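Bear in mind the structure is a predicted one, so any value in this text is a computation, not a measurement. All chains are named by letter (A, B, ...) in the order of the sequence lines, taking the proteins before the strands, and each is independently numbered beginning at 1.
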Amino acid sequence: MLEARDITVRYGSRTVLDRVSLTVEPGAVLGLGGPSGCGKSTLARVMAMMLRPRSGSVAVDGRPVSRWRQRAPRELRTRVALIYQQPRLAVDPRLTLREIVAEPLAAAGTAAAGTAAAGTGTAGTGTAGTGTAGTGTAGTGTAGTADAERVAALAAEVGLTGDLLTRRPHEVSDGQLQRACVARALILSPGYLICDEMTTMLDASTQAHLVRVVNAYRERTGAGVLAISHDAVLLGRWADGVAELGQGGKAAVSV
Amino acid sequence: APTPPAGSAPQQDDTFVIALSAEFESLNPMLGYSPDGGSLIYDGLMSRAADLSMQPALASAAPTTAEDGKTVTFTLRDGVKFHDGRPLTSADVEYTYETMLDPKSSSPIAGDYAAIKEVEAPDATTVVFKLAYPYAPLVQRTTLGIVPKGSPLEGTPPGTGPYRFGAWTPGDKVTFSANAEYWGGAPAIKNVVVAFAEDDNVRATRMKAGEFDATILPPKVAAPFRTETGVKVYDVASADYRGIMFPMKEPVTGDLAVRKAFSLAMDRQAMVDTILAGAGVPAFGPLPTESEWNNPEVTGAGASDTAAAGKVLDEAGWKPGPDGVRVKDGKRAEFTLMYPAGDSLRKELALAAASDATKVGLDVKPAGLDWDAIEPRMSKDALMMGWGSPFDPDYINYELFHSKYAGKGYFNPGLYDNPKVDEALDKARESGDKATRKAAYAEFQKLIFDDHTWSFLVFLKHVYVVRGDWVGPTPGVDAHEHATGGLFRDLHTWKPAA
Amino acid sequence: MTSVALPQAGRRRRSLVFAVATLVVLGLAVLLVPPIVQLDERIVDLRSAGLPPSLSHPLGTDEVGRDVLLRSIYGLRVSFTVGMVASLVSITIGGLVGLVAGSVGGTVDRVLMRVLDGFNSIPHLLLGIFIVAMFSPSPVAVVVSVGVTHWTTTARIVRSEVLSLRSRPFIEAAISGGASRARVLRRHLLPHLFPHLILATVLMIPHAIWHETALSFLGLGLPPHMASLGNMISDGQRSLLTGDWWASLAPGLFIVLPTLAVALLANHLRDRLNPRRRSELSL
Amino acid sequence: MNRLTVENLSVSFRIPGAVVRAVSEASFTVRPGRCLALVGESGCGKSVLAHALLGLLPGNAEASGSAVLSQSGGGGDVELIGASERTLAGRVRGRAIGLIPQSPATHLTPVRTARAQMQEAVREMGRPPGTADELAEKFGLSPADLDKYPHELSGGMAQRVANAMALAGDPWLLLADEPTTGLDRDLVDRAMGALRALCDEGRAVLLITHDLRAAERVADDLAVMYASRIVELGPVREVLDRPRHPYSAGLVDAQPDRAFVPVPGMPPELTALPDGCAFAPRCGHRTDACDVRPARGGGDGRVACHHPLAVQDGVQEDAKEDSRA
Amino acid sequence: MRVILRMVAWRVAFAVPLLLIVTVGMFALAKASPFDPVRQYLGDRAMVTAPEVMERIRENWGIDRPVLEQFTAWLGNFLQGDYGESRTFHRPVAEVIMDRLPWTLLATGCAIVLMLVGSLIVGTIAAWRRDSWVDRVISGGAFANESVPVFWLGLLAMWVFAVQLGWLPAGGLTDPASTTVDPLDVAHHMVLPVLVLAVSQSSWLVLFVRESVIGTLREDYVIGARARGLRERTVLVRHALRSALLPFLTLLGARMPELVTGAILVESVFSWPGVASASVQAALAVDFPLLAVTTLLGTLAVLGGNLLADIGYTIADPRVRTLGVG
Ligand SMILES: Nc1ncnc2c1ncn2[C@@H]1O[C@H](COP(=O)(O)OP(=O)(O)OP(=O)(O)O)[C@@H](O)[C@H]1O
Ligand SMILES: Nc1ncnc2c1ncn2[C@@H]1O[C@H](COP(=O)(O)OP(=O)(O)OP(=O)(O)O)[C@@H](O)[C@H]1O
Ligand SMILES: [Mg+2]
Ligand SMILES: [Mg+2]
Ligand code: NI
């Protein structure tokens, strides 16, 4: 359970979120809507432990978060994955797409990657229909190739073709970049996934595809998903429940 | 008075700009400003003419010295006034000397006047110096400028000289204006500015640009001015020598044969021609040939004589080793020659000397060091030194070669100890008789020459560059130091050529 | 059609060829000449002083008759070693301090920055003088004195860049992806700093050589008669006035040429490091 | 009359070891009063096309073909492809053609407030200073939000700033690349309303969007792009209601309010486009004929397919029949 | 605004202990240095001064007393406004400083302004016209300039402008012959030193501006600005350069000590009677009273420069502001 309780966030003297509480259950998709600028992305960052709220608490699987950003414990940080609203800003412009996707694995060290891969089982059994078989048996062979395969499988799963993986962010389209970000978020098999306007700039087909990928992942691992979107129709199709964040940062959760 | 470099006409205005490399530390005689005369602001009891003879200045005549040589009496000139209008009295003279000698003043020149026990002013025009021991050079020392009684150590007190102090912009220049009431006659140059520019190249460039009327330059840098019209270059002989001091207690340099061979190996003429660009003469002893005290026997060949040097070494048992360096009793003929790192002239001389020495099988390693690093090593390693005073031969030589001063700071750091030299120096210092002194100094020069205590290399010529056509500049013999002295000592007598 | 004019590939290649050729020629000279032609640094030849360039002395002789070319080659070896090592030392210290101060922030940052201010308060020349004076003059002392005084510039540049970078979302994304502090530094911050670090390194080399000269001149650096480019330049200062231009031209060129060559190489390297530039040039 | 005629516009990027064909032989015309919507799978070359028209491609891009901007206001026609930087900056960008970039947040200079940049654009275009607030208002951005720095803007705010800023120079043609990203329903309506109003005022809009519902409301024509080519171009209702290209049909079907299923298969690599129909590998109607690249034909020049879907609702006509016709 | 005020307050609070530490450090350095103040004080005369005299001077100055005692005595006097007497100049330190400081401030101030404006313009042009001959001349020149000792540059400028062309005076504060300080005359004399100081110190700035602008010129936001149809100059200055200012501002603060070194040399080449050239004499002569005050001044200059730079980049980069710089 990813739980945010009474979160208050202020930028300077402006209160953006005022005692907002939200709970993401494992295995469920919670939609979050609300007018533009009401603080959805801010709440997402708080729940991903990337922004320290003025007051309020966040708990991951019952473990309260006491330290934020860099100081938050690694395993908590990687337990919650955040897909940023602006893919261009959220990737290191110097890395290739492959490196971007593989980065969390590399950061975790191969040992952690091995367990992550083992935890998820077959990563590549996609709905994408590419037929790319995932490697279910991680931990065998060299960790490096296991990682590489995992990256390739995930990339294929989100619909990135091989030629794109060697390019750098400015050489791909925004939608392609967003897909790399989704792959990056999934690669460590997080327990919770926060998708901040994940599909907003994607065409309908890709949008549907990515939603399927996330859903497949959720079903496979029982992860909880927080889907932030303006698109009520989309949320209606995708989410189990929808919370509405009001202007002024008051939460009106309607599940 | 900058005149365009092209305009070679003599000074149009009445300001004369002299550029010096070092700024005055102070303009107060009591703190050591121009004790050897040549100050524009102050007069001493005596002054020195271009031919180095002593002339009465504030004194009305040469002093009288008592039989025992320990009491010297001066009578003051009448009607001399300080720039502030106060008349000069013997109390002023007494005050000047006593304040300078007072340990509390920390005057850097106090040591030169160590012979003075006290100064008395029995009446307004009489000054009596009481000495601790007979000290013949005292008269030469009384060129120290006199200031009015009560003058503080800070600041610039009024003097009696041909120029009044104007203003001092620290780091930039000092201005002086003519003293129309000067007892020796009003100067023709109405204003003098002494500007400071430490670097030789900078001075040369600004001289070239016409900003200066006169300056002193190293010979090489001055060379282009020799062909410039409207500018006159004066090569002034000096007692300013460069030579190598040997540590006498070290195994290699302590060996007379090594020192002698080294000296013979020196190509002094090449040093003069190349390093000094011709502005100098080879040196073999501490006194320049222009000096009346010089012993003409102390001389040698300008070029090197490697054959003779080799012979000296062979005879002394220094045989060439496998690498060409001579060896005696398993000891290599090697030593270090230190030179102050910031002084390019000494560096080049040291290198030239070291290369000449290698030609006779002496392995000399030059080492460029800071003075503070040199100081503790002076008794161990040879050192490129520079001294020289054209005044009394007692100056400096006594301290440099007397065993009494062995190991005392920069005096005799090589620990030279020759009782005969000591005796000659003492005799010359104490005697009031010129002939006796001359003989003693001749012997002294011969002794240190035979001992090769030092290898004297060259006497420099000081090169002055003066813009315009003047009557009055009279080259004399310069000392090692030359602030406003040297060619400019008689600036007040200079007049534009018709 | 394109907003940024694509430079002629030929020109770029030419500059690369020039840089590499210069470095190769100078490098070969430095490696091969000393073993073949010995230089006894104390030997001068007053009788052939101040000769203009000729066959026997391709770059003439200096004021005391030493061959300028041979000394320049020896000098290049000494000075570039000193310059490069000093430069690397200062960039390394500066880079580390800047990274730590900028990324850790808080008290650590404040303290480090005040230490830096303290170092900066004393002009380099003076601090250098004191440092060398305390140890005995030698190339190592020069390296230490220059390295220890010049890290501050790099530290500040790095720190400011880190400050600006670390608030960027992509760094946050990396943190969120589980990157440790060290990894964020190494993988995400450092590569962004490379262009500045490279530039600072290249610029520090001639600067260090210059400091070596200044120290030598005060009797605190390398022995003043040693064949180092710095010494040769200060010896040649007069040649501006006396007309034997070759005495200062040669050492000057020996500093400027390799510096330019290294700078050109660095330029190419930085092109490769800039992702957009890289794809523009199809590297 | 103002008009933008694009003919056989192709753009490719040189990358190490390959060439990316981002736009291939695109032809269309944009006229005042009309809104042309451009839709297509992510990465098919929509944004590149827009950038090419403004001469904003990076150095490794090569553009060919022609895009002629005819303006009634004088100055004659401007060939945009290969135009000099001076022409583009002085006459085209901002003044004749405005651009709403796809990632608005990265297209704002991070160290200056939105207002500063907006005012600057307004000033340089020679419009009265009040215009900035007016434009912001038009897209539902409160003036207070203009005083924020780009990193302080929420995604939707940045989008609104970008929308407003594109109109600073009062261009007659607006290239709007996903102008509704991050906007909530109200704001989307508002933005679309504003775009429609522009067209009605006699301006033209090239609307790149993923939101087919929005396109349907605003656009007059719809172009569907797939793998660098425009595969279908026709009146918006026609195309949406009766898509004739299989890809168009898949796209329409993928909407959340429809089947919400993706077009099966992976998009092709633009570095290795097949000689034939690029959609063939994913197409259910694929035959050998598809090894030859289809031209946009079929009478009205609407669709580029060897086996276009039948004109009748939902009924697939036999492909061979169609080609016979 | 509040951020800045807080930063200033922090800095001021830090400045006092820092100044103390710097003086202690300076004192320790001076003590540890092998230079003998008395020898330096006597200069050439040291050679002919009896060791006893030297000893006496040492005693008078109190430099034979324990280190701690010397320092506390100095500090006590300093706090009471007695800055002591400079040994090199034989005058009260306060006087030496007051005489020279204004000239240094004048010349370096002008040089800083010139350097700033000049390197911004030149660096931006080089970046804009990257790889063209203009860029080559500028960046090649900047590298060469960094290799050339300041001293040389000074002599060269003097040679060209004063000797060959005769346009400008070669040195000094005023015309050597003039007895008054005429502002016009000073301005005329200031041209060369200020120019040389500015040029000699600007290599880093020019190249870093170039580097950063080259970086920003390829960013999306510059393309965005172009897409809006802004004039090239606006794009260049208000978008590319404006975003590239950060390292530049930092450099300004960080180059302070180098600037002081440059000032030392330029002042001595052009016989400019400033305080910088005096500080070297003071250091070499271990003239502690003067050295301490010049160091304190230097520290203040550095602190001030860095503070300005930090304020500058808090203003220049709002992203830094949100995180706050201490
Ligand atoms: N770093 C920041 N500094 C100051 N204000 C900020 C900052 N980040 C966001 N804000 C403000 O906080 C509010 C909420 O922003 P947030 O990005 O969370 O909105 P949102 O709900 O995600 O909106 P959208 O749907 O448009 O993306 C906005 O008014 C925004 O201006
Ligand atoms: N600089 C570049 N170098 C190489 N390839 C590039 C470059 N820019 C874009 N591409 C490629 O060109 C193709 C078209 O990109 P474009 O940005 O136009 O896509 P798009 O249709 O806008 O997609 P999206 O809907 O995701 O924004 C993409 O496949 C992309 O990978
Ligand atoms: Mg948001
Ligand atoms: Mg796009
Ligand atoms: Ni430095």
Would a distance-only check, ignoring hydrogens and angles, find a side-chain to backbone donor-acceptor pair under 3.5 Å from A/R77 to C/S176?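 Checked: no pair found.
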Please classify the contact of A/R79 with chain C as side chain, backbone, both or neither, using a heavy-atom distance under 4.5 Å. neither
So what's closer than 4.5 Å to chain C heavy atoms on A/R45: side chain, backbone, both or neither? side chain
For C/F170 and A/A90, work out which heavy atoms get closest and say how close.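 Closest approach of C/F170 to A/A90, heavy atoms only: CB-C, 3.5 Å.
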Over all atoms of both residues, closest heavy-atom pair of A/A106 and C/R183: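 Distance-wise, the nearest heavy atoms are CB-NH2, 3.2 Å.
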How long is the straight-line distance from [atom2] of [Y] back to [atom1] of [X], given to the nearest 0.5 Å?
X	Y	atom1	atom2	result
C/E172	A/M49	CD	CE	11.5 Å
C/R187	A/R94	CZ	CZ	12.5 Å
A/M50	C/I171	CE	CD1	12.0 Å

With a 4.5 Å limit on heavy-atom distance, are the side chains of C/R181 and A/R71 in contact?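 Yes, side chains in contact.
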Under a 4.5 Å cut-off applied to non-hydrogen side-chain atoms, are C/H192 and A/D92 in contact? yes
Option in A/L76, A/L95, A/L51 with maximal non-hydrogen atom pairs under 4.5 Å from chain C: A/L95
Hey, which of A/E171, A/E103, A/R168 has the most heavy atom pairs under 4.5 Å with chain C? A/E103
Looking at A/R218, I'd like to know if its CZ atom is crowded, meaning that more than 12 non-hydrogen atoms belonging to other residues, nucleotides or ligands lie closer than 6.0 Å.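 Yes - once you tally the heavy atoms of other residues, nucleotides and ligands closer than 6.0 Å, there are more than 12.
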Walk me through it: do C/R168 and A/L89 pass the test side chain to side chain contact (heavy atoms under 4.5 Å, CB included)? CA-CA 8 Å; C/R168 302 266 284 270; A/L89 294 176; over 6 Å; no
